[in-house]
Engineer: 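Sharing a structure below in structure tokens format, with a few things to ask.
Remember, predicted model here, so these are calculated numbers, not experimental data. In the text below, chain A, chain B and the rest are named by the order of the sequence lines, each starting its count at 1.
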Protein chains: 2
Amino acid sequence: MLTQTAIRSAAAVSSIRQFNHASASPHQASVADVSPLAQHIQLSGAAMSFPRNAEIFGENESADYLYKLISGTVRTYKILSDGRRQIGGFYLPGDVFGLEFGDEHTQSAEAMSDAKVLVVKRSTLTALAGRDAAVARDLYALTARELQRVQNRILLLIKTAQERVASFLLEMAERVPCGDAVELPMSRQDIADYLGLTIETVSRTLTSLESAAAIEVPTSRRIVLRNRPELNRLNG
Amino acid sequence: MLTQTAIRSAAAVSSIRQFNHASASPHQASVADVSPLAQHIQLSGAAMSFPRNAEIFGENESADYLYKLISGTVRTYKILSDGRRQIGGFYLPGDVFGLEFGDEHTQSAEAMSDAKVLVVKRSTLTALAGRDAAVARDLYALTARELQRVQNRILLLIKTAQERVASFLLEMAERVPCGDAVELPMSRQDIADYLGLTIETVSRTLTSLESAAAIEVPTSRRIVLRNRPELNRLNG
DNA sequence: CGACCATTTGATATGGATCAAGCGATGTGG
DNA sequence: CCACATCGCTTGATCCATATCAAATGGTCG
């Protein structure tokens, strides 16, 4: 159950507490931070740490908390009965996840690297939204973005492997704006499960894009976008 | 070539038939209808009619209205630059569509058959939601269901053709609860674009399911589920 | 009856999966 | 410091599910 997961880690909470004010990594300063919702999370959120590959919450656990990622990377996913895994999304520092409509989480969430998150009770947040229209609007906006992403993913999944990989690279480049170089926080397997492909196909597609001079792959985790127009064209 | 049996439940058939026509069909008195939101729509919604294949709204148009389907069937969809079409959803009488988070529609909507809808201004609805918590909750619930559906679709799209078709049939059977007979309101092309397959593959999969005695296909638009456990197994 | 459209069926092609091997980086114990 | 296991990634060979191309069938409406 979620509560167990949360409580289990709650032990680690207090020790981490000082950490989040002090350590202001460059990643943490984002647009979202100035919103009323973000301020509330910053002020009253409990800090928690999760080691690499730890589960933050599981599918079907009750969705009592909302999470804001401070550092590290998180993936959400579903597992089919035969073991196939579909990654629902990758979350970077500043992103909010665990946002649910129903009472239960529809996906599981895992830390991809050691991760620090701020946790707020969903009930207090909705109560706050009832009093403060600005908070409600923020929640709304977060949801809007989330739904948009999901719908784009559906479009993604009817495309070819090249198109999927190109879309993925452009999406990541947009989310980690560092010029044309993207430092991927996830493995090939994660990318494959996100795009509905196999690692082999992802790998082959990347080398093929490299041959076409659309990208460069200096190391497996770093990708340089050399020809965005071409990638956009592939994007469909 | 498969034998078309004459033994068919005629009772189920006629009840499905009138589902599409009668604008005061008993089907409309569903859960949604007793909700405050539904009542408001019923009272202050403007009735509009759309002929078969007419556009109800287009992608990128401003999303000023919310629609509730009274009779007929509606599809929402997106078109990729090269003409591929992804159907976002099918809507049956009683369903609400056009629900958006942003200012613009992210999909187009078309009447699949002559359709009657009730239309309400989104602004009045959100204003109402601000005053009446029950309305807000209803809007929330609608959105929750919508998101759930979208997420399930993502899972669908990583499955095999058989699994997709099986899931589709079970979904439709659930939405048009008439025992084990499903009267499909959409063409094979629509189904294909919904499932991310081709018409040929949909057709072949149906015949293969029929050979496996999981379903019967007395006419192309009517499907009888003969072996739900088997379909559920295929569902993944 | 005949034209038209949706659907099914058949033959073939192909993109991506699968199976299998190689390779480079990282870490571990002797 | 070096053999050597391990792990993530790439590359190669082959297979297979679905797409594509093409034709036959069947239902509907004039």
Engineer: Do B:Gln189 and B:Tyr194 have side-chain N/O donor and acceptor atoms under 3.5 Å apart?
Structural biologist: no
Engineer: side-chain hydrogen bond (donor to acceptor under 3.5 Å, both in side chains) with A:Asp193: which of A:Arg188, A:Lys78, A:Arg85, A:Arg84?
Structural biologist: A:Arg85
Engineer: Report the end-to-end axis angle of the helix from C:dC1-D:dG30 to C:dG30-D:dC1; each axis comes from five terminal pairs, and the value is rounded to 10°.
Structural biologist: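 Its terminal axes enclose an angle near 20°.
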Engineer: Name the nucleic acid region contacted by A:Leu197, choosing base, sugar-phosphate or nothing; use a 4.0 angstrom heavy-atom cut-off, strictly under.
Structural biologist: sugar-phosphate
Engineer: Examine D:dG8: is either OP1 or OP2 under 4.0 Å from a nitrogen or oxygen in the side chain of A:Arg221? Give yes or no.
Structural biologist: no
Engineer: Starting from P on D:dC9, measure out to CD1 on A:Ile191 and report it in whole angstrom.
Structural biologist: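 For the pair A:Ile191 CD1 and D:dC9 P, the rounded distance is 8 Å.
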Engineer: Take the protein atom CD1 of B:Ile158 and the nucleotide atom C1' of D:dA17, then report the distance between them rounded to whole Å.
Structural biologist: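 The distance from CD1 of B:Ile158 to C1' of D:dA17 comes to 16 Å, rounded to the nearest Å.
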Engineer: Output the residues of residues 200-217 of chain A in contact with DNA chain C, where contact means a heavy atom of the residue under 4.0 Å from an atom of the strand; sort by number or write none.
Structural biologist: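 Under 4.0 Å from DNA chain C: A:Glu200, A:Thr201, A:Arg204.
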Engineer: For the pair made of CD1 in B:Ile199 and P in D:dC21, what is the distance, rounded to whole Å?
Structural biologist: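 For the pair B:Ile199 CD1 and D:dC21 P, the rounded distance is 12 Å.
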Engineer: What's the CZ-C1' distance between B:Arg188 and D:dG26, to the nearest Å?
Structural biologist: 13 Å
Engineer: With salt bridge (charged side-chain N to carboxylate O under 4.0 Å, His left out) as the rule and sequence neighbours excluded, what pairs involving residues 45-57 of chain B come up?
Structural biologist: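 Non-adjacent pairs meeting salt bridge (charged side-chain N to carboxylate O under 4.0 Å, His left out): zero.
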Engineer: Just the rounded figure in Å: distance from C1' of D:dC7 to CZ of A:Arg52.
Structural biologist: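 One finds 11 Å between C1' of D:dC7 and CZ of A:Arg52, rounded.
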Engineer: Let me know, please, whether B:Met186 or A:Ala161 comes out on the 5' side of the other along DNA chain C by nearest nucleotide.
Structural biologist: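 Upstream on the strand: B:Met186.
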Engineer: Between A:Glu171 and A:Arg164, does any NZ, NE, NH1 or NH2 come within less than 4.0 Å of an OD or OE carboxylate oxygen?
Structural biologist: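 Not counted as a salt bridge, because no side-chain N and carboxylate O are separated by less than 4.0 Å.
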Engineer: Is it the case that A:Thr201 and A:Thr198 place a side-chain donor and acceptor less than 3.5 Å from each other?
Structural biologist: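 Yes, a side-chain donor-acceptor pair sits under 3.5 Å.
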Engineer: Quick one, which residues of residues 75-85 of chain A touch DNA chain C with a heavy atom under 4.0 Å?
Structural biologist: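 Those residues: none at all.
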Engineer: Any chance you could measure B:Glu174, atom CD, to B:Leu169, atom CG, to the nearest 0.5 Å?
Structural biologist: 12.5 Å
Engineer: Check every strand shown and say whether A:Ser187 touches a base, only sugar-phosphate, or nothing at a heavy-atom separation below 4.0 Å.
Structural biologist: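 Result for A:Ser187 = sugar-phosphate.
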Engineer: Is it true that B:Gln151 and A:Thr106 share a donor-acceptor pair across their side chains at a distance under 3.5 Å?
Structural biologist: yes
Engineer: Over 60° means perpendicular and under 30° means parallel, so tell me whether A:Tyr67 and A:Phe97 are parallel, tilted or perpendicular.
Structural biologist: parallel
Engineer: For the residue pair A:Thr143 and A:Glu146, confirm or rule out a side-chain donor-acceptor distance under 3.5 Å.
Structural biologist: no
Engineer: List in chain and number order the residues that pass side chain to side chain donor-acceptor pair (under 3.5 Å) with B:Glu110, two or more places apart in sequence or in another chain; answer none if no residue qualifies.
Structural biologist: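 B:Glu110 satisfies side chain to side chain donor-acceptor pair (under 3.5 Å) with B:Arg75, B:Tyr77 once adjacent residues are dropped.
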Engineer: Pairing donors with acceptors under 3.5 angstrom, does anything connect the side chains of A:Ser203 and A:Glu200?
Structural biologist: no
Engineer: In whole Å, I'd like the distance from the CG atom of B:Leu184 to the P atom of C:dA6.
Structural biologist: 16 Å
Engineer: With sequence neighbours excluded, what pairs up with B:Ala166 under the side-chain contact (heavy atoms from CB on, under 4.5 Å) test?
Structural biologist: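 Counting only residues at least two positions away or on another chain, B:Ala166 forms a side-chain contact (heavy atoms from CB on, under 4.5 Å) with B:Leu231, B:Leu234.
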Engineer: Using whole Å, report how far CD of A:Gln162 lies from C1' of C:dG16.
Structural biologist: 13 Å
Engineer: Rounded to whole Å, please give me the gap between CZ in B:Arg164 and P in D:dA19.
Structural biologist: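 Roughly 7 Å, once rounded to whole Å.
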Engineer: Once you apply a heavy-atom cut-off of 4.0 Å, does B:Thr198 come out as touching a base, just sugar-phosphate, or nothing?
Structural biologist: base
